[in-house]
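Inspection log for the structure reproduced underneath, given as structure tokens.
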Amino acid sequence: MILYPAIDLKDGQAVRLLHGDMDKTTVFNDNPAAQALEFVAAGCEWLHLVDLNGAFAGEPVNAAPVEEILKQCKVPAQLGGGIRDMKTIENWIDKGLARVILGTVAVENPDLVRQAAREFPGKVAVGIDARNGRVATKGWAEETDVMVTDLAKSFEDAGVSAIIYTDIMRDGAMKGPNVAATAALGNAVSIPVIASGGVSSLDDLRALKSCGAPLNGAISGRALYDGAIDLAEALSVMKA
């Protein structure tokens with residue numbers, strides 16, 4: 001399994017939110033590229049980037065720090081937040097992004113996801129953010145009636161490279177991931193699933209590894225910044 005250290009970008013800084021609330025922000029580093037280089041130096045093989053302002057605005061807002069990370073770091077990175085049209089997808093991939101994460105448009109414009117996955121094989125992932133089993137969009141601000149598994153299954157034949165599944169109520173709360181829901185999703189679809197939200201200890205990573213579903217990896221943010229998870233130890237757990 002792959003461990004994806006998370007760098008959430010708000011107003012040009014690396015932050016973490018609680019339950020996705022933009023008013024509950026903790027700034028961890030005002031130099032996101034330096035933070036990314038720290039993660040790379042510790043041995044991470046991927047980076048997970050989120051443009052939080054972009055998720056609300058519907059277009060890239062934190063492009064400058066993302067571009068700086070792509071310039072300075074030699075490991076692949078995936079990015080979500082505000083990517084809602086083909087031109088934006090093309091721009092990011094041209095700039096060296098390994099994978100775009102499409103969230104809101106996966107609900108509102110699934111044909112765009114399919115087109116992007118065809119045009120950029122292996123470079124398009126779907127982000128599914130859920131509250132009580134239902135998908136939330138637009139930076140988690142709007143809830144839909146769409147169920148997580150139904151949305152995931154609708155992309156089975158689309159060629160998407162991964163599904164990033166986030167339980168919003170666990171995100172940033174340091175209370176552990178929703179292992180049962182993540183495992184259920186991992187077993188319901190053939191698309192690789194990446195767990196996100198609440199990963200706060202090595203035991204959480206072990207629980208995801210042994211959950212009975214073939215997960216691709218897990219994303220962790222706050223726990224790495226707080227020191228609750230040592231990145232080097234976590235990487236060895238994931239590779240064991």
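The structure presented is a predicted model; accordingly, all values stated were derived computationally and were not measured.
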Compare all side-chain heavy atoms of D167 with those of P177 and state whether any distance is below 4.5 angstrom. no
For the pair I7 and V50, evaluate side chain to side chain contact (heavy atoms under 4.5 Å, CB included) and give the outcome as yes or no after the intermediate values. CA-CA 6 Å; I7 299 179; V50 181; over 6 Å; no
How far apart are the closest heavy atoms of Y225 and A6, and which atoms are they? OH-O, 2.7 Å
Within a strict 4.5 Å, meaning less than it, do heavy atoms of the V75 and E45 side chains meet? no
Connected via hydrophobic side-chain network under 4.5 Å: L47 and L37: no
Quick one: do Y165 and M238 end up in the same hydrophobic cluster if we chain Ile, Leu, Val, Met, Phe, Trp and Tyr together by side-chain heavy atoms under 4.5 Å apart? yes
Taking side chain as C-beta onward, heavy atoms only, is D51 less than 4.5 Å from D8? no
Start with the C-alpha gap between H48 and I194, add the side-chain angles, then the distance that decides, and say whether side chain to side chain contact (heavy atoms under 4.5 Å, CB included) holds. CA-CA 11 Å; H48 174 77; I194 299 169; over 6 Å; no
Would a hydrophobic clustering, with Ile, Leu, Val, Met, Phe, Trp and Tyr connected at side-chain separations under 4.5 Å, put V124 with W92? yes
Does the side chain of D129 come within less than 4.5 Å of V135's, by heavy atoms? no
Between D30 (side chain) and Q13 (backbone), is there a donor-acceptor pair under 3.5 Å? no
Check ion pair E67-K95 (N to O, under 4.0 angstrom): yes
Is it the case that T166 and S196 place a side-chain donor and acceptor less than 3.5 Å from each other? yes
Taking N29 for the side chain and N31 for the main chain, is one N or O donor matched with an acceptor at less than 3.5 Å? yes
Using the rule that two of Ile, Leu, Val, Met, Phe, Trp, Tyr join whenever any of their side-chain heavy atoms come within less than 4.5 Å, decide whether L215 and V179 are in one cluster. yes
I need the minimum non-hydrogen distance between I191 and F155, along with the two atoms involved. CD1-O, 3.6 Å
If every non-hydrogen atom of T182 is compared with every non-hydrogen atom of N178, which pair is closest and at what distance? OG1-O, 2.7 Å
Distance-minimising heavy-atom pair for R134 and D145: NH1-O, 3.3 Å
What's the verdict on side chain to side chain contact (heavy atoms under 4.5 Å, CB included) for H19 and K24, showing C-alpha distance, side-chain angles and the deciding distance? CA-CA 8 Å; H19 299 155; K24 296 177 180 174; 5.5 Å; no
Indicate, with yes or no, if V189 and I101 share a hydrophobic cluster defined by side-chain heavy-atom contacts under 4.5 Å among Ile, Leu, Val, Met, Phe, Trp and Tyr. no
Should the pair R114-D157 be classified as a salt bridge under the 4.0 Å nitrogen-to-oxygen rule? yes
I'd like to check L205 versus M1 (side-chain heavy atoms, cut-off strictly below 4.5 Å). Are they in contact? no
Taking the side chain as everything from C-beta on, heavy atoms only, tell me whether T104 gets closer than 4.5 Å to R84. yes
Test side chain to side chain donor-acceptor pair (under 3.5 Å) on D204 and S200 and set out the steps. CA-CA 6 Å; D204 289 340; S200 55; 2.9 Å; yes
So CD1 of I128 and CE of M147: to nearest 0.5 Å the spacing works out to 11.5 Å
Interatomic distance, CD1@I93 vs CG@L79, rounded to 0.5 Å, equals 10.5 Å
Kindly indicate, with the supporting measurements, whether the criterion side chain to side chain donor-acceptor pair (under 3.5 Å) is fulfilled by D85 and T88. CA-CA 6 Å; D85 58 56; T88 305; 2.8 Å; yes
So which heavy atom on A106 is nearest to which on L151, and how close? O-CD1, 3.6 Å
Output side-chain donor-acceptor pairs under 3.5 Å for residues 229-237, partner residues at least two apart or in another chain, one line each.
from : atom 1 : to   : atom 2 : distance (Å)
D230 : OD2    : A232 : N      : 3.2
D230 : OD2    : E233 : N      : 2.9
S236 : OG     : E233 : O      : 2.7

I168 backbone acceptor or donor facing R131 side chain under 3.5 Å: no
Taking side chain as C-beta onward, heavy atoms only, is L112 less than 4.5 Å from M86? yes
Rounded to the nearest 0.5 Å, the NZ atom of K175 sits from the CE atom of M169 at a distance of 8.5 Å
Output for pair (L70 CG, L49 CG), nearest 0.5 Å, gives 7.0 Å
Taken to the nearest 0.5 Å, the spacing of S161 OG from F120 CZ works out to 13.0 Å
Would you please name every residue forming a side chain to side chain contact (heavy atoms under 4.5 Å, CB included) with I2, sequence neighbours left out? Y4, W46, N216
Assess whether a salt bridge exists between K138 and E108, defined as any Lys/Arg side-chain N lying under 4.0 Å from an Asp/Glu carboxylate O. yes
Show your working on side chain to side chain contact (heavy atoms under 4.5 Å, CB included) between L9 and L52 and close with a plain yes or no. CA-CA 6 Å; L9 300 160; L52 293 170; over 6 Å; no
Nearest-0.5 Å distance, CD of residue Q115 to CG of residue D111: 8.5 Å
Any Lys/Arg nitrogen of E156 or K153 sitting under 4.0 Å from an Asp/Glu carboxylate oxygen of the other? no
Using side-chain heavy atoms (C-beta onward) and a distance below 4.5 Å, is R222 in contact with T26? yes
When every non-hydrogen atom of A183 is compared with those of A213, the smallest separation belongs to O-CB, 3.5 Å
